[in-house]
A.B. asks: 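Below is the structure I would like to discuss, written out as structure tokens.
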Amino acid sequence: MQAGGRKVAVVGMGGAFPTCKSVDEFGEKLFSNQSLIREWPKAHEHRKQIRSTVSGYITEEEMDLEAILAPIPDAYPETYVDKLGRIPDANLATADMGSIWGMLGALDCIKMAGWTNAETQSEQTGVVVGSGGAGNVILRVAWQYFFVNGVKARMAGSHTVDRTMFYRDAANISCLIKSKGVCEAIGSACATGLGNIGYAYRLIKYGMQDRIICGGLESTSLETFIGFDGMMILSKGFSPEESSRPFDMQRNGFVCSFGAGIVALEEYEMAKARGANILGVIEEYFNNSDGDGDMFYPSFGGQQRMWKGLLGETGIKPDVVKMHGTSTPVGDSVELLSVVDTLGETGFHICAPKSQFGHMLGGAGSVEFIAALLMLDKQMVLPCLNSNTLNPELETFQKAETWTGPKKPLIEYRDLVPQKAFSKEINRVACLNYGFGGTNSALMLARDI
């Protein structure tokens, strides 16, 4: 159900992106059709135990951080040093690497937004940032000390809890910027990043906050990686740059990646009045659940209801649909067919940013939201890399008597799926993300015109 409320602007963005030092470099690589996926040396160390070895990962060195290693055999970080002095030591002491990414992204957002200290530290400024998993790298150190080395619990350090709790990213950002408003972390699996932005949008829309730092992240972690590898749902058998291939017939799983996407939202009239550079306007956000009791299988009906909730009776049609597009065999097909069922077969294009940097889990939705902002700015559609061949036959589920969606094979929608970035007038981008448990999220992002 759509309801009235205040208009919400995006006024800042930042984060952590594989192989990139800045948002600008991130955009340059995306629009030049580059892949940010690499062979991961840490995964190769355990090659006999895992199926996949490619990832869009980020190292400490690439973020100008130095890991102070714990005295355990596997050389895991015990704490970090910011070589550029951006984050005070007291804040680093309570953070894992992902929380540091979040803090750095928040600082970039505030600088880009042009918020004063008084605005940042106001009761009307909140933080809503979450991640998909725990601080696994930090937990590994504590477990090693206690369970393997047999030392007393206090030897694991006094910051294990605050550096690994689900709420750690929001807490660390709030403590760094000294905000006095809402501070929360919303978790919805792979829809976490977009879900936090959507929740923040609602807080501003309905007058509970004026400004919010929000988004999601997933810190580089072999522990997280092997969990998905154990499910046998990661891509294998391709070169790194060809491993993520949404909608392609040969797709066999997603690329587990890591990153952070943090954005600054502000009530539109306030942002406009102070002359802020408005990167985009959030017109609507909607989320729901499939309700079919299945933890993993995508629901065409759930996605239909999601689209209905997003669009309502507005008749608005996006110029681009930023797909979840993970490269999973059934997920990609159901998603594309649900989009066509809602929007028709012409008048828009789709893009799949995961084809360029993989699936960032808790950070996926917010990093891809930044990709959508960049599309509005550049007036270019990002590609679906490696979508070489779409299925010329009906999907198995399309042959079932219970199927109510489009009856054409995916290849019929080839024109909607670009393999290279290209220029186009873009006024609206619909952003989609889904997660385990049947959670669906959709957001409509528009140019400020």
Side-chain angles (χ1 to χ4, degrees), residues 190-191 194 198 244-249 251 254 283-290 297-355 359 364-365 368-369 371-372 375-376 381-387 390-392 394-395 397-398 403-419 422 424 426-435 438-446:
C190 300
L194 192 65
S244 188
R245 43 196 320 112
F247 312 108
D248 183 71
M249 277 188 68
R251 67 189 185 277
F254 70 84
E283 291 187 328
E284 189 56 69
Y285 171 74
F286 186 83
N287 61 326
N288 69 355
S289 296
D290 292 337
Y297 201 86
S299 166
F300 180 77
Q303 292 181 28
Q304 282 182 307
R305 288 187 287 107
M306 175 198 72
W307 273 108
K308 184 177 180 181
L310 180 69
L311 300 180
E313 303 300 325
T314 63
I316 290 173
K317 188 173 181 177
D319 303 296
V320 180
V321 179
K322 191 289 300 172
M323 306 287 272
H324 190 56
T326 60
S327 298
T328 49
V330 177
D332 285 8
S333 301
V334 170
E335 183 180 19
L336 180 54
L337 292 169
S338 74
V339 169
V340 171
D341 184 70
T342 300
L343 301 178
E345 300 181 6
T346 61
F348 68 97
H349 290 90
I350 70 170
C351 73
K354 289 183 183 69
S355 70
H359 190 347
E368 293 164 16
F369 180 79
M375 283 193 283
L376 288 180
V381 181
L382 286 171
C384 298
L385 293 186
N386 306 312
S387 60
L390 276 60
N391 193 354
L394 291 178
E395 306 296 317
F397 60 79
Q398 286 180 287
W403 175 250
T404 60
K407 308 292 186 181
K408 295 180 181 179
L410 298 193
I411 198 170
E412 294 293 324
Y413 311 118
R414 172 77 269 181
D415 290 346
L416 301 178
V417 187
Q419 294 176 271
F422 69 97
K424 171 185 175 174
I426 304 173
N427 292 312
R428 286 184 177 86
V429 180
C431 298
L432 311 180
N433 288 102
Y434 315 106
T439 184
N440 310 303
S441 291
L443 182 151
M444 190 69 76
L445 177 67

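Heads up: numbering here begins at 1 and tracks the sequence.
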A.B. asks: Salt-bridged, Asp332 to Arg251, with N to O below 4.0 Å?
C.D. replies: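 Salt bridge flag = yes for Arg251 with Asp332.
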A.B. asks: With distance as the sole test, does Gln398 use its side chain to make a donor-acceptor pair with the main-chain N or O of Pro406 at under 3.5 Å?
C.D. replies: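 Yes; judged by distance alone, with no hydrogens or angles, the pair exists.
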A.B. asks: Please name all residues satisfying salt bridge (charged side-chain N to carboxylate O under 4.0 Å, His left out) with Glu283, sequence neighbours left out, ordered by chain then number.
C.D. replies: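 For Glu283, the residues satisfying salt bridge (charged side-chain N to carboxylate O under 4.0 Å, His left out) (neighbours in sequence not counted) are Arg428.
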A.B. asks: Quick check for you: to the nearest 0.5 Å, what is the distance between Leu310 atom CG and Tyr285 atom OH?
C.D. replies: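 The distance works out to 10.5 Å.
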A.B. asks: Residues two or more places apart in sequence or in another chain: which of them pass salt bridge (charged side-chain N to carboxylate O under 4.0 Å, His left out) with Arg305?
C.D. replies: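 Result, salt bridge (charged side-chain N to carboxylate O under 4.0 Å, His left out) vs Arg305: none returned.
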A.B. asks: What are the two closest heavy atoms between Phe247 and Ala352, and how far apart are they?
C.D. replies: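 Shortest heavy-atom contact: CE1-CB, 4.1 Å.
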A.B. asks: So Val340 and Leu416, side-chain contact (heavy atoms from CB on, under 4.5 Å) or not? Walk me through it.
C.D. replies: CA-CA 9 Å; Val340 171; Leu416 301 178; 4.0 Å; yes
A.B. asks: Test: salt bridge (charged side-chain N to carboxylate O under 4.0 Å, His left out). Region: residues 335-352. Which pairs qualify, not counting sequence neighbours?
C.D. replies: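 Residue pairs passing salt bridge (charged side-chain N to carboxylate O under 4.0 Å, His left out), neighbours aside: Glu345-Lys408.
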A.B. asks: What is the minimum heavy-atom distance between Pro392 and Ile411, and which atoms define it?
C.D. replies: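 So the minimum-distance heavy-atom pair works out to CA-CG2, 3.7 Å.
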A.B. asks: Rounded to the nearest 0.5 Å, what separates atom CG in Asp290 from atom CG in Asn440?
C.D. replies: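 Separation between the atoms: 4.5 Å.
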A.B. asks: Measure from the side-chain N and O atoms of Asn288 to the backbone N and O of Gly302, and report whether any donor-acceptor pair falls under 3.5 Å.
C.D. replies: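 Yes, Asn288 side chain to Gly302 backbone: donor-acceptor pair under 3.5 Å.
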A.B. asks: Is there a side-chain contact (heavy atoms from CB on, under 4.5 Å) between Ser244 and His359? Walk through the geometry before answering.
C.D. replies: CA-CA 9 Å; Ser244 188; His359 190 347; over 6 Å; no
A.B. asks: Out of curiosity, Leu337 CG to Thr342 OG1, how far, rounded to the nearest 0.5 Å?
C.D. replies: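 Taking CG in Leu337 and OG1 in Thr342, the distance rounds to 11.0 Å.
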A.B. asks: Any side-chain heavy atom of Pro318 within less than 4.5 Å of one from Leu343?
C.D. replies: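 They are in contact (side-chain heavy atoms under 4.5 Å apart), so the answer is yes.
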A.B. asks: Side-chain contact, heavy-atom cut-off 4.5 Å: Pro383 with Gln419?
C.D. replies: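 Not in contact.
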A.B. asks: Are any non-hydrogen side-chain atoms of Leu311 and Met444 less than 4.5 angstrom apart?
C.D. replies: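 Contact flag for Leu311/Met444 side chains = yes.
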A.B. asks: Determine which pairs satisfy ring pair (Phe, Tyr, Trp, His ring centres under 6.0 Å) with at least one residue from residues 298-321, sequence neighbours left out, and list them in order.
C.D. replies: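 Sorted pair list: Phe300-Trp403.
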A.B. asks: List for me each residue that meets side chain to side chain contact (heavy atoms under 4.5 Å, CB included) alongside Pro418, sequence neighbours excluded, and say none if there are none.
C.D. replies: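 Expected list: Val381, Phe422.
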A.B. asks: Side-chain polar contacts of residues 320-330 - donor-acceptor pairs under 3.5 angstrom, sequence neighbours left out - could you list them?
C.D. replies:
from, atom 1, to, atom 2, distance (Å)
Lys322, NZ, Glu368, OE1, 2.6
Lys322, NZ, Leu432, O, 2.8
Lys322, NZ, Asn433, OD1, 3.2
His324, ND1, Lys354, NZ, 3.2
His324, ND1, Asn433, ND2, 3.0
His324, NE2, Tyr434, O, 3.3
Thr326, OG1, Thr328, N, 3.3
Thr326, OG1, Thr328, OG1, 2.8
Ser327, OG, Arg245, N, 2.8

A.B. asks: Tyr413 versus Ile350: any side-chain heavy-atom pair under 4.5 Å?
C.D. replies: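 Not touching, per the 4.5 Å side-chain cut-off.
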A.B. asks: Taking the side chain as every heavy atom from C-beta outward, state whether Cys431 and Leu194 have any atom pair closer than 4.5 Å.
C.D. replies: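 Yes, at least one pair of side-chain atoms sits under 4.5 Å.
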A.B. asks: Answer yes or no: is there a side-chain heavy-atom contact under 4.5 Å between Lys424 and Met375?
C.D. replies: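 No, their side chains stay 4.5 Å or more apart.
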A.B. asks: Would you name the heavy atoms of Leu394 and Asn391 that are closest together and state the gap between them?
C.D. replies: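 Of all heavy-atom pairs spanning Leu394 and Asn391, the closest is O-ND2, 4.3 Å.
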A.B. asks: Just verifying a value: how many Å separate Leu382 CG and Ser355 OG, rounded to the nearest 0.5 Å?
C.D. replies: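 It is 8.0 Å, given to the nearest 0.5 Å.
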